[in-house]
Structure formats: C-alpha cells, structure tokens
Amino acid sequence: MIIGGSQYCHDIVSSIKAYQRKSETNTNLPTWFPTQDAHSNTITFEEKEGCGIDQRHCDPLVIDLVIQDLEVARVLIDMGRTVNIIFHDTLKRMNIELGEVVPTQKPLTDFLGETSMTLGSVLLPVLAKEVTKIVDFTVVDHPAIYKVIMGTPWLNTMKAVPSTYHLDIKFPTLNGTATIRGCQKKNRLCFMAEHKLRKVRVTAMVKPKRTKIAQSAAENTNTLKKDDLSPSAEATCSDIRNQHDSKPSVLT
C-alpha cells in the first residue's frame, strides 16, 4: 500500500479539504444503485456506475465490511498486497486480545525492500453482503491510515473484481452479482490522515537527526580546538628558543 497524496490537490491542508468538498458536491448528483441479476454471475462495469463520483480522481477503493460481527470502516482494497492485514489498534478497538493472535511472526517487505516483522496471525469471520468467509489476517503493529487492508487472498477467495474508477467491488453470490460501493468522501479523508501521519513521522525523524548533528558538530569543534592549540603552542616555544640561540645582526 502506497499513498502519496493526490495529483489533483496540493500537499497542504486547505487544498486537501477543498478536494474533499468536491466529493460532497457530487453526492447531490443522481447516484447509480447496483441491481442483482439472479440469472447471471457475469461481472461487468458500466459508465453510469460512475454517477455521483467526482471525476477525474485517483482515490483508493475503501469500503466497509463486517468483521467479527462488527462493522469496520476504512477497509482498503489493495490488489498489490499478497496478505490480508489487520492492525493491532483495530484489534484493540474490537476487544480482541493479543493472546488470541497466533504468534507466528513472518517478515513483510515493502516496495523499497525494507522488511518488518508481524505480530502473528488471527482467523476472523468477514461478512460481505450475504457472503461470509473465514479470513486469515496478518497482525501488524504500526500507525496506519486504514483499519484493515484486504489483499489478493480475500479477493481471490471471494472471486471479487474491484474497480477503482467506479469505486466499487463486485463478486458472485447465490443470488447473483453483489456490489459494495465505496464512499468517495470517506476515501478522501484518508488523504488528510496520511498528510497528518506523514508530518508526525517526518518531525520524529528530523529531531533526532538534528540532535545528532549538533552533538557531532560540538565534538568536532572541541577536537579541532585541541588539535589546533597544541601544535601552535609548540611552534611558539620553538620560535622563542631559536631567537635566543641565534645572534642578532649588527648594523653599523
């Protein structure tokens, strides 16, 4: 999961808020409502499904799901993620103790090649419309914008097809094709959350660096003073001795 703001707004609070308001304006337009076709599980997306969405956009697909009988908002659909992730803070809000997590730690590697260890895994029921699946979640303890990230394991199990353009996800059920719509307004709140989280991280990273630089500069200054004074003092003493030893020239 990579989020770096939006190309349609500047990385400042006022611009991000204005971008959020555009999604609220478009909610007044006619909205497309999904229909279920009991005779076909063919999944298609139509242009009219984009009604009520502020176009053009680069918003992620964020939906609500029912996990462990609790409605969980800000669930990111990430087709580039090979694990389903739930964050430790989300588990705490769901009153799920860390003792229920199987402590099978494994490494997660991001797109920069940096690796972090997970806390373990936990099995939880996930309800999407009328379809319930027992999902194996990887538990991660990091500050996050989202509550849960559903990756390719869940998508493939559900035979689900997401569309970031239409901001919805479709999957087959016994009663036909079901659709879960994302909320663009909630999606754009994630940009503000990311902006604030990044500012906190950058500030936390800069302060220790500045402290180390200041300490290093002070140490270097002290070292230079010692190094500069010693040779200077020796040179001065040597010059004085040489002056006493040598006879001065006499001018007549």
Can Ile67 and Val148 be said to form a side-chain contact (heavy atoms from CB on, under 4.5 Å), step by step?
CA-CA 10 Å; Ile67 303 176; Val148 174; 3.9 Å; yes
Donor-acceptor under 3.5 Å (Thr152 side chain, Arg81 main chain):
yes
| Does Asn187 use its side chain to pair, donor to acceptor, with the backbone of Asp59 at less than 3.5 Å? | no
Output for pair (Cys183 SG, Ile53 CD1), nearest 0.5 Å, gives 10.0 Å
| task | Check the hydrophobic clustering (I, L, V, M, F, W, Y; side-chain heavy atoms under 4.5 Å; chains of links allowed) and say if Val75 and Met79 are grouped together. | result | yes
Query - side-chain contact (heavy atoms from CB on, under 4.5 Å) between Leu91 and Val101, intermediate numbers included - result: CA-CA 10 Å; Leu91 290 180; Val101 176; 3.9 Å; yes
The residue among Ile43, Thr179, Ile63 that forms side-chain contact (heavy atoms from CB on, under 4.5 Å) with Ile169 is Ile63
Here the gap from Leu70 atom CG to Arg93 atom CZ, rounded to the nearest 0.5 Å, amounts to 12.5 Å
To the nearest 0.5 Å, atom NZ of Lys133 lies from atom CE of Met150 at 11.5 Å
For Ala128 and Leu65 the tightest heavy-atom approach is CB-CD2, 3.8 Å
So, does His88 use its side chain to make a donor-acceptor pair with the main chain of Val139 at under 3.5 Å? no
Closest non-hydrogen atoms of Val131 and Pro172, given as atom of the first, atom of the second and distance, are CG2-O, 4.4 Å
Residues Arg74, Asp64: salt bridge by 4.0 Å N-O rule
no
Looking only at heavy atoms, the pair that brings Ser121 and Thr104 closest together is OG-OG1, 3.5 Å
Between the CG atom in Leu108 and the CD1 atom in Ile85, the distance rounded to the nearest 0.5 Å is 5.5 Å
TODO: Determine whether Lys92 and Phe87 make a side-chain contact, defined as any pair of heavy atoms from C-beta on separated by less than 4.5 Å.
DONE: no
query: Step by step, would you call Thr173 with Glu130 a side-chain hydrogen bond (donor to acceptor under 3.5 Å, both in side chains)?
result: CA-CA 8 Å; Thr173 70; Glu130 65 265 38; 3.2 Å; yes
Distance col, row Asp54:CG vs Gln184:CD, nearest 0.5 angstrom, shows 5.0 Å
Is Val66 linked to Ile77 within one hydrophobic cluster, defined over Ile, Leu, Val, Met, Phe, Trp and Tyr using a side-chain heavy-atom separation of less than 4.5 Å? no
task: Begin from the C-alpha positions of Lys170 and Glu49 and carry the test side-chain contact (heavy atoms from CB on, under 4.5 Å) through to its verdict.
output: CA-CA 12 Å; Lys170 298 185 179 185; Glu49 296 180 46; 2.9 Å; yes
Face-on cation placement of Lys129 at Phe171 ring, 6.0 Å and 45° thresholds | no
Note: Phe45 and Val161 closest approach over all heavy atoms is CZ-O, 3.4 Å
Per side-chain contact (heavy atoms from CB on, under 4.5 Å), Leu124 is matched among Asp69, Ile86, Val135 by Ile86
Report task. Keeping the roles fixed (side chain from Thr164, backbone from Leu167), state whether a donor-acceptor pair exists under 3.5 Å. Result -> no
Nearest heavy-atom contact between Cys51 and Arg181 is O-NH2, 3.8 Å
**Message:** Test of understanding: clusters of I, L, V, M, F, W, Y form through side-chain heavy atoms closer than 4.5 Å, transitively. Do Val102 and Leu123 belong to the same one?
**Reply:** no
Checklist entry - Are any side-chain N or O atoms of His166 and backbone N or O atoms of Glu46, one a donor and one an acceptor, separated by less than 3.5 Å? => result yes
For the pair Lys147 and Asp89, evaluate salt bridge (Lys or Arg N to Asp or Glu O under 4.0 Å) and give the outcome as yes or no after the intermediate values. CA-CA 8 Å; Lys147 299 292 186 292; Asp89 185 63; over 6 Å; no
query = Is there side-chain contact between Val62 and Tyr146, with heavy atoms separated by less than 4.5 Å?
reply = yes
On a heavy-atom basis, the closest approach of Leu76 and Pro60 is CD1-CB, 3.8 Å
Value for NZ (Lys106) from OG (Ser116), rounded to nearest 0.5 Å, stands at 11.5 Å
task: Look at atom CG of Asn156 and say whether more than 12 heavy atoms of other residues, nucleotides or ligands are closer to it than 6.0 Å.
output: yes
Given side chains that start at C-beta, do those of Phe137 and Val83 come closer than 4.5 Å, heavy atoms only?
no
